[in-house]
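Shown next, in structure tokens, is the structure this report addresses.
Every number for a ligand or one of its atoms is a count from 1 in the order of the listing. Values in this document were obtained by computation on a predicted structure and should not be read as measured data.
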Amino acid sequence: MNEQMQAETRVGIEALGLYVPRYYVSLNELAAVRGVDPNKFAVGIGQELMAVPAPDEDVVTLGANAALEALEQVDRSQIDTLIFATESGVDQSKAAAIYTHHLLDLPRRCKSFEVKQACCGSTAALQMALAMVAQKPTRKVLIIAADVARYGLGTAGEPTQGAGALAMVVSSQPRIMAFDSEWGSYTEDVMDFWRPNYLDEAVVDGKYSIKVYLKALAESWAQYAEESGFDHADHSRFCYHLPFTRMAEKAHRQLAKLNGLEVSDDTQIEEGLRYNRIIGNSYTASLYIGLTSLLEGTTEDLTGHRVGMFSYGSGCMAAYFSGVVLPGYRTHLRPNRRVEQFETRVPLTVEAYEAFYQHELPRDGSRYLTPQHETGHFRLSGVQDHKRLYERASRSAKAAPAHAAQDVALAG
Ligand code: COA
């Protein structure tokens, strides 16, 4: 393909938006209450803070808030398709994308649907979006990846919980990253992590999932390297799916070994871990929050640098792919907003976090108004006749941790 044709078919990220819940719990405090050495969470798992959604937040509100930021510099009337990737969806039938389409006031001609394959659903959405835009370059596709990671109080997975959303507009006028066209993929039927319809928490064989993750990395990298002709040295930075940040260190070490390198260079991954370390696992969003962390946090100008990306979804499907950072990318990112987002979050006591965790919506169709907590621009106001009700948030209360617990107690 000559350079002119390559320029014509370049597809990538035009805009990004990130949203995290307004509450968090410190893993040092969680360790103290659970009777665990805090270094196990801070060093062994590599997590500091865990984002906790309030009872009036769910994947729809998380996703809509992230999309609001992504759409700031994009004409909404040009959004042709909205793909919502999640594994903590709110309905077995109706897509979270439809609620979000309404909240964002997107055009009626915009197709809207949900996709699922564990944490890799967002990458499946990206592959779909790349093909859609390549087929018709005037299309713009909005991808929303949003999840709430739940493993159960007191379980080994608990410190790896978290929540968050990442939205990106994929188009033929990318301003942040253009994707390379060669991908490696891997699928195998394994039971490392799953969530039957009747459970609110995932069932996980954590140690096994780490093994399968590393195997899927080796397999998908092999295909990617074979088809692209790129080797390890062609990438200046690497982003990995981040169930917890230590996982990236394990993966990066393995990738180095596979490529005959004696040591791995952790500076190639560390800026990409910063946001996830203080958010926790956000399933479908985690790889792309990692990419945002890298692009917003690296002081070096990454223009023209190739970033290797590994997406893993338990069950399992994985993909290895890459993208090149575009000139001027920094002017389309918002690192200062991130500082504000993270610094104004409200700390929860472990007791208040547990109350949030245990909050349940009625299952009998009765009318229920969700107590108002600190949220973004949208909130789940309640349910009635089995219908979820969303609204624009009317206040941004700086609730103290004790109030948060009290509100939930009142709601119950
Ligand atoms: N100081 C420093 N490190 C410590 C420590 C301490 N006091 N105590 C334990 N560690 C280390 C362990 O050595 C281990 O490191 P290693 O992985 O390099 O061997 C790490 O902390 C985790 O501890 P371990 O006891 O092995 O695991 P666990 O039973 O707590 O489970 C997970 C850890 C990740 C398996 C569990 O959190 C989980 O199931 N998470 C959800 C699933 C998941 O994220 N899967 C990933 C693929 S998608």
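Each salt bridge (charged side-chain N to carboxylate O under 4.0 Å, His left out) pair with one or both residues in residues 201-212, not counting sequence neighbours, appears once here: Arg150-Glu201. Annotation: side chain to side chain donor-acceptor pair (under 3.5 Å) contacts involving residues 38-47, sequence neighbours excluded, are absent.
For Tyr213 and Phe310, the ring centers sit closer than 6.0 Å to each other.
In this model, no donor atom of one side chain and acceptor atom of the other lie less than 3.5 Å apart for Glu29 and Tyr353. For the residue pair Asp58 and Tyr390, a side-chain donor N or O sits within less than 3.5 Å of a side-chain acceptor on the partner.
Looking at residues two or more places apart in sequence or on another chain, you find a side chain to side chain contact (heavy atoms under 4.5 Å, CB included) between Asn28 and Ser26, Pro38.
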Under 3.5 Å: N or O atoms of ligand 1 paired with protein N or O:
| residue | atom | partner | partner atom | Å |
| --- | --- | --- | --- | --- |
| ligand 1 | 7 (N) | Asp37 | OD2 | 2.9 |
| ligand 1 | 17 (O) | Lys250 | NZ | 2.4 |
| ligand 1 | 18 (O) | Arg246 | NH1 | 3.4 |
| ligand 1 | 18 (O) | Arg246 | NH2 | 3.0 |
| ligand 1 | 18 (O) | Lys250 | NZ | 3.4 |
| ligand 1 | 25 (O) | Lys40 | NZ | 3.4 |
| ligand 1 | 29 (O) | Lys207 | NZ | 3.4 |
| ligand 1 | 30 (O) | Lys40 | NZ | 2.5 |
| ligand 1 | 37 (O) | Ala156 | O | 2.8 |
| ligand 1 | 45 (N) | Ser209 | OG | 2.7 |

